[in-house]
There are 2 protein chains.
Amino acid sequence: MRAITILPGAANSVRLDNVEEPAEGDGRILVRTRALGICGTDHEILSGLYGSAPQGEARLILGHESLGTVEDAPPESGFRRGDHVVGIVRRPDPVPCPACASGEWDMCRNGLYTERGIKDRHGFGAERFRIEPAFAVKAEVALGLAAVLTEPASVVVKAWEHVFRIGRRSPSWTPANVLVTGAGPIGLLAALVGAQHGLIVHVLDRHKDGPKPTLVRDLGGVHHTNASSLGDMQFDVVMECTAASAVIADAIRRCAPSGVVCLVGVSAAGRKDEFDIGGFNRKLVLGNEVVFGTVNANRRHYENAARALAKANSGWLGKLISRQVPLSRWQEAFVAQPDDIKVVINFTA
Amino acid sequence: MRAITILPGAANSVRLDNVEEPAEGDGRILVRTRALGICGTDHEILSGLYGSAPQGEARLILGHESLGTVEDAPPESGFRRGDHVVGIVRRPDPVPCPACASGEWDMCRNGLYTERGIKDRHGFGAERFRIEPAFAVKAEVALGLAAVLTEPASVVVKAWEHVFRIGRRSPSWTPANVLVTGAGPIGLLAALVGAQHGLIVHVLDRHKDGPKPTLVRDLGGVHHTNASSLGDMQFDVVMECTAASAVIADAIRRCAPSGVVCLVGVSAAGRKDEFDIGGFNRKLVLGNEVVFGTVNANRRHYENAARALAKANSGWLGKLISRQVPLSRWQEAFVAQPDDIKVVINFTA
């Protein structure tokens, strides 16, 4: 079968390979791939900065944002032929720490997890893959291709869950508004889930052309291309999705008393910025404010992500998938275009 | 009666005044002051940097760390003559926001609170004060003068409560150790409460002489005068009590995956430090880590602080009060000495 593979650590090693059918040991459910979403982590892997192949193998099958159709599943699995499924990316360690043992592999404390298409385990970027029922999540057939957004939505749903759990350490905390910085797929999904929670949504993103301002307005949100139009507004929740130093610093300044700043983007380390640490500390202390980071998602978050997508306007979701590329022209998916939001490789086209 | 007063905004205006007996409107319980603890906020007020007098008055009676004996209380108040009491510092707004309305005045969101001895309301630094039962907390008589530590302990108890509420957004989080930076009264009380929670306690403080290293060891903790002796240790909880920029930055670096950094010290703003914002963001995101600030305390925290002090070794607590100054020599309390931990003005001596 065809699969998109890379040689970990080697830039520009990506190619469409012919590989063996998925190993039975990968799981009892056989899935025919419908679509694969591409994200920043894939670009990092393609640049050779990240990623590792399964033990004893040279190449890694890429891909962690999946959508497929069940070809074959045992009756006791809860899945049947024709179901639409999304694969969970992270797997607990063979000898799990307390986090993995309780299903919270997203809160890993020892780094011994594996991740499909990323770390030590083949991904979903092949015509077929196998998966264990514990790591497969049903997607509504009516969602169509938009269900490929389940994985990024799971990251966003976890972020919001933690925002509420943290904010509600104070039972009187009732957030009214959210500032989302960055209108990529994660930012727009964060805005969607914020709107579903009933918050007034503001999105700060430098793109004034293209589909993003309209997508924000379609959620009932306010789109800002410049922080100056935010005036002196403060926000009960700030979802920082750019991972850019200057935006991170400004996001923290925008936090209201008792507010929560959620960092979702993965930035590079090693730069020296000018930053008023004393002012940061003083603001957090006197305002009872929180800054936290979040990564990955566990099964509950995938299931809640599937629900959040099912509740969303399907036309709106469809516009998040700004480009579909057939597998035969897979290379195009990895070349960024100005109006890209989510680029998807369509395995059925 | 005698009272320690200041002219808000004017440095070195502190004096021992003769003032009117406390107004009946201050509360139904009349308290004879036993002791007043002095903290950094008092020093800020004495420097003219902070503090405001009640409306229509020029001077403010200082003092917010109180201990007194009930002289007179109505039967329905739940207090009786001879009870030892501590006054709660903050009062909700006359027209409270949702935080104050639910008793969470420590989570104020509109800044409209008042604070005894600090903001718009006379403090406890007088021979007698009045207080409403809702803002009076009973102290165990057996604690003696150490009950004057209830107010600073309430700040620490709130900090720990929020650490656990935030950390337990992940139910599998079971913290094993804590790093406390700074061994002032807040740091040592944070170490005490950490030890009461069963955590392994490490305290980083530059003083290698004086009583602090022994006080840490008496809790079963490890005292470090230099971060290098921490090696590459990471901590599930970091209680940052110095408010010094370099220590804050290092405290964040010491946080373990899923860990919580709690900022308790009030720093000055306005300096430009070198700080790797991208590295900070990356660490928080990939490690699911939290940095939060906390200030003040509500009634529940005072009550739990009274319990925490009652459980502590009374000899250990007594050593936290490193100097007692009689009211007649009150000025000495405001002149720092090298081995000071908590300095207390004794109103009964």
Side-chain angles (χ1 to χ4, degrees), chain A residues 97-104 106-111 161-162 165-166 168-174 240 243-246 248-249 256-258 260 263-296, chain B residues 97-104 106-111 161-162 165-166 168-174 240 243-246 248-249 256-258 260 263-296:
Chain A
C97 76
C100 273
S102 64
E104 289 198 297
D106 57 312
M107 299 300 289
C108 173
R109 291 203 284 280
N110 59 14
E161 181 194 87
H162 282 214
R165 288 184 177 186
I166 289 172
R168 286 180 181 150
R169 77 193 182 286
S170 162
S172 67
W173 188 69
T174 45
E240 205 304 298
S245 296
I248 294 166
S258 302
V260 179
L263 306 172
V264 188
V266 179
S267 48
R271 257 181 52 169
K272 292 285 173 216
D273 306 283
E274 246 192 21
F275 187 69
D276 177 3
I277 298 176
F280 163 80
N281 178 81
R282 184 180 183 87
K283 178 171 161 53
L284 260 61
V285 170
L286 295 182
N288 289 296
E289 294 164 27
V290 183
V291 179
F292 82 102
T294 172
V295 70
N296 204 261
Chain B
C97 77
C100 274
S102 64
E104 288 198 298
D106 56 313
M107 300 299 289
C108 174
R109 292 203 284 280
N110 60 14
E161 181 195 87
H162 283 214
R165 288 184 177 185
I166 289 171
R168 287 181 181 149
R169 76 191 183 287
S170 161
S172 67
W173 188 69
T174 44
E240 205 303 298
S245 297
I248 294 166
S258 301
V260 179
L263 305 172
V264 188
V266 179
S267 48
R271 258 181 50 170
K272 292 287 174 214
D273 306 283
E274 246 192 21
F275 187 68
D276 177 4
I277 298 177
F280 163 79
N281 178 82
R282 185 179 182 89
K283 176 171 165 54
L284 260 61
V285 170
L286 296 182
N288 289 296
E289 294 163 28
V290 183
V291 179
F292 81 103
T294 172
V295 70
N296 205 258

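- For chain B, the nearby parts of A/Leu263 are the backbone and the side chain; heavy atoms of each come within less than 4.5 Å.
- Between A/Val260 and A/Trp173 there is a side-chain heavy-atom pair separated by less than 4.5 Å.
- The candidate with the highest count of non-hydrogen atom pairs below 4.5 Å against chain B, out of A/Pro98, A/Pro257, A/Ser245, A/Ala246, is A/Ser245.
- For A/Cys97, no part sits under 4.5 Å from any heavy atom of chain B, backbone or side chain.
- Looking at A/Ala268, the atoms closer than 4.5 Å to chain B (heavy atoms on both sides) all sit in the backbone: N, CA, C or O.
- Highest contact tally toward chain A, considering only B/Gly111, B/Gly265, B/Ala244, B/Gly103, is held by B/Gly265 [criterion: heavy-atom pairs under 4.5 Å].
- Applying the side chain to side chain contact (heavy atoms under 4.5 Å, CB included) rule to B/Ser102 yields the partners A/Ser172, B/Glu104; only residues at least two apart in sequence or on another chain are considered.
- Proximity to chain B is limited to the backbone of A/Asp106, based on heavy atoms less than 4.5 angstrom apart.
- Contact of B/Cys108 with chain A is made through the backbone alone, with heavy-atom distances under 4.5 Å.
- For chain B, the option among A/Thr174, A/Asn110, A/Ile248 with the highest count of heavy-atom pairs below 4.5 Å is A/Ile248.
- The heavy-atom pair separating A/Asp273 from B/Gly278 by the smallest distance is OD2-N, 4.1 Å.
- Between A/Ala99 and A/Arg109, the closest heavy-atom pair is CB-NH1, 3.9 Å.
- Most heavy-atom pairs under 4.5 Å with chain A: of the set B/Ala269, B/Gly270, B/Ser267, this distinction falls to B/Ser267.
- The nearest pair of heavy atoms linking B/Arg169 to B/Asn288 is NH2-O, 3.0 Å.
- By number of non-hydrogen pairs under 4.5 angstrom with chain B, the leading residue of A/Val290, A/Thr294, A/Ile166 is A/Thr294.
- Between the side chain of A/Ser258 and the backbone N or O of B/Met107 there is at least one donor-acceptor pair closer than 3.5 Å.
- The shortest heavy-atom contact between A/Val285 and B/Val266 is CG1-CG2, 3.9 Å.
- Qualifying ring pair (Phe, Tyr, Trp, His ring centres under 6.0 Å) partners for A/Phe280, counting only residues two or more places apart in sequence or in other chains: A/Phe275, B/Phe280.
- Proximity to chain B (any heavy atom under 4.5 Å) is restricted, for A/Val264, to the backbone atoms N, CA, C and O.
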